[in-house]
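Contents: one structure, followed by commentary.
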Amino acid sequence: MAPTHSTSFSGLRPDRFDRDGREQLIDVRDLQAALPGIRRLRRWAHEALAARPGESAVDIGSGTGSEVLTFGEAVGPGGSAVGVEPDPELLTAAQRRAAEAGSAARFVPGDAYNLPLANESCDVALCERVFQHLTSPARAVGEIARVLRPGGRVVLMDSDWGTAIVHPGDRHVVREVIETLISNTTDPFAGRRLPGLLTHAGLEIDDHGSHALVQDPAIGAGALVGRVSAMAVARGAITEQQRTQLLADLDAGARTGDIHLSVTIFAVLAHKPG
């Protein structure tokens with residue numbers, strides 16, 4: 001399963017995993033960031049936000065920094081491009097990437113609940129695939145509203161695991177595997193909740209975007225489905241025999257072209273009135 005930067009099939013909660021589980025999160029990040037759908041939706045986000053020279057832009061949950069570098073090019077030397085990221089390893093990778101690119105983009109430690117930014121200091125904000133991991137999403141949107149200047153723009157992007165599709169496979173088994181993923185995601189339906197979160201924080205919706213992120217058929221079942229289905233066995237939702245059959249069905253589907261694994265990611269553009 002490969003649908004959706006710093007957080008991401010990584011709706012899965014890192015606090016629930018051992019070493020193999022944390023490797024799954026790395027697999028997810030690498031696979032999803034390379035998907036054409038993610039690249040297209042990121043292009044849509046930057047076009048919608050339309051960061052201009054001299055403006056201040058922030059990427060919340062900036063991962064290895066690719067989108068902050070894009071902001072840096074848009075705002076130019078007279079502007080400011082900042083990435084906020086809680087993971088020290090990702091921060092180091094982002095800082096190295098910026099140095100290699102000769103970019104003035106900056107990366108600072110912080111999270112969605114405590115942005116290290118002054119009130120009304122940002123013109124543009126981006127937050128991609130973070131909300132599915134948050135226990136208090138309204139608090140995070142409140143932080144975004146706090147740092148945005150009047151007229152400032154924000155795009156939130158996130159997966160909605162209620163849209164996940166796994167084909168082929170026994171419908172009962174597929175349902176239990178997806179339910180296992182959903183039950184191990186902090187907010188599995190984050191994608192559909194983004195507009196409501198923004199409006200409740202006093203921001204006004206301007207546009208919506210979405211994309212079904214489809215895994216490369218050549219991957220077959222893939223490591224991610226393998227791990228999630230193993231979790232389904234561990235919790236007694238399916239048997240080991242059913243898991244083996246599901247993986248075989250998916251591998252057979254990959255050989256014949258009869259395979260589809262996807263999830264939909266939603267994006268919402270809003271602005272702060274004033």
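Since we're looking at a predicted model, the values are computed, not measured.
Although no hydrogens or angles enter the test, the distance criterion places a donor-acceptor pair under 3.5 Å between the side chain of Gln242 and the main chain of Thr239. Checked by atom type and distance alone, the side chain of Arg106 never pairs as donor or acceptor with a backbone atom of Ser80 at under 3.5 Å. No side-chain donor-acceptor contact under 3.5 Å links Ser62 to the backbone of Gly65. Remark: the backbone N or O of Leu134 is not paired with any side-chain donor or acceptor of Tyr113 at under 3.5 angstrom. The main-chain N or O of Ala99 is never found under 3.5 Å from a side-chain atom of Ser103 such that the two would form a donor-acceptor pair. At least one donor-acceptor pair under 3.5 Å links the side chain of Thr163 to the backbone N or O of Thr264. Put simply, the side chain of Asp160 never gets that close to the backbone of Ala190: no donor and acceptor are under 3.5 Å apart. With Glu73 contributing its side chain and Val68 its backbone, the two residues share no donor-acceptor pair below 3.5 Å. One N or O on the side chain of Lys272 and one on the backbone of Ala145 form a donor-acceptor pair closer than 3.5 Å. A distance-only check finds no donor-acceptor pair linking the side chain of Ser121 to the backbone of Leu117 [under 3.5 Å].
His167 NE2: more than 12 foreign heavy atoms inside a 6.0 Å radius.
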Determine, stepwise, if the pair Asp207 / Trp44 fulfils side-chain contact (heavy atoms from CB on, under 4.5 Å). CA-CA 11 Å; Asp207 203 359; Trp44 176 89; 3.9 Å; yes

Step-by-step side-chain contact (heavy atoms from CB on, under 4.5 Å) determination, Val58 to Leu126: CA-CA 6 Å; Val58 61; Leu126 174 66; over 6 Å; no

Residues Ile238, Gln245; criterion side-chain contact (heavy atoms from CB on, under 4.5 Å); working and verdict: CA-CA 11 Å; Ile238 62 174; Gln245 185 61 54; over 6 Å; no

Quick one, Leu41 with Met157, criterion side-chain contact (heavy atoms from CB on, under 4.5 Å). Give me CA distance, side-chain angles, the key distance, then yes/no. CA-CA 9 Å; Leu41 210 46; Met157 298 169 52; 3.6 Å; yes

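Hydrophobic cluster membership is shared by Ile144 and Leu194, with clusters built from Ile, Leu, Val, Met, Phe, Trp and Tyr side chains linked at under 4.5 angstrom. The cluster map of Ile, Leu, Val, Met, Phe, Trp and Tyr, joined by side-chain heavy atoms under 4.5 Å apart, puts Val82 and Leu91 in different clusters. Taking hydrophobic clusters as Ile, Leu, Val, Met, Phe, Trp and Tyr residues chained together by side-chain heavy-atom distances below 4.5 Å, Leu69 does not share a cluster with Val108. In the hydrophobic clustering of this structure, Val268 does not group with Phe266; members are Ile, Leu, Val, Met, Phe, Trp, Tyr whose side-chain heavy atoms approach within less than 4.5 Å, directly or through other members. Cluster membership for Ile38 and Val155, using ILVMFWY side-chain heavy atoms within less than 4.5 angstrom, is shared.
Between Arg146 and Glu120 there is no salt bridge, since no side-chain nitrogen of the basic residue lies less than 4.0 Å from a carboxylate oxygen of the acidic one. Salt bridge present: Asp187 and Arg193 bring a charged side-chain N and a carboxylate O closer than 4.0 Å.
Val166 pairs with exactly one of Val263, Val177, Val174 by the side chain to side chain contact (heavy atoms under 4.5 Å, CB included) rule, that one being Val174.
Between the CD atom in Glu67 and the CD atom in Glu128 there is a gap of 6.5 Å [rounded to 0.5 Å]. Note that OG of Ser66 and CZ of Arg97 are 5.5 Å apart. Values are rounded to the nearest 0.5 Å. Between the OG1 atom in Thr70 and the CZ atom in Arg43 there is a gap of 11.0 Å [rounded to 0.5 Å]. One finds the CG atom of Leu90 at 11.0 Å from the CD atom of Gln95 (value rounded to the nearest 0.5 Å). His133 contributes atom NE2, which lies 13.0 Å from atom CG of Asp111 (distance to the nearest 0.5 angstrom). With rounding to the nearest 0.5 angstrom, the CG atom of Leu203 is 6.5 Å from the CG atom of Leu148.
Inter-residue side-chain proximity for Thr199 and Glu204 is flagged as unmet; no heavy-atom pair is nearer than 4.5 Å. The side-chain heavy atoms of Phe107 and Val84, taken from C-beta on, include no pair separated by under 4.5 Å. Between Ile259 and Leu250, the closest side-chain pair of non-hydrogen atoms falls below 4.5 Å. Considering only heavy atoms from C-beta on, Asn119 stays 4.5 Å or farther from Val147 through its side chain. Inter-residue side-chain proximity for Ser210 and Ile265 is flagged as unmet; no heavy-atom pair is nearer than 4.5 Å. The shortest side-chain heavy-atom distance between His211 and Arg39 does not fall under the 4.5 Å cut-off.
Of all heavy-atom pairs spanning Val130 and Asp158, the tightest one is N-OD2, 3.2 Å. Shortest non-hydrogen contact noted between Pro217 and Ala254 is O-CB, 3.4 Å. What you find for Trp161 and Ile178 is that their closest heavy atoms are O-CG2, 4.2 Å. Ala221 approaches Leu261 most closely through the heavy-atom pair O-CD2, 4.5 Å. Nearest heavy-atom pair, Glu85 versus Gly63, reported as atom, atom and distance to 0.1 Å: OE1-N, 2.9 Å. The heavy-atom pair separating Ala51 from Val75 by the smallest distance is CB-CG1, 4.1 Å.
Between the side chains of Ser159 and Arg129, no donor N or O sits under 3.5 Å from an acceptor N or O. For the residue pair Ser262/His260, the side-chain donor-acceptor check at 3.5 Å is satisfied.
Looking at residues two or more places apart in sequence or on another chain, you find a ring-ring contact (aromatic ring centres under 6.0 Å, His included) between Phe71 and His46. Qualifying side-chain hydrogen bond (donor to acceptor under 3.5 Å, both in side chains) partners for Arg52, counting only residues two or more places apart in sequence or in other chains: Glu55.
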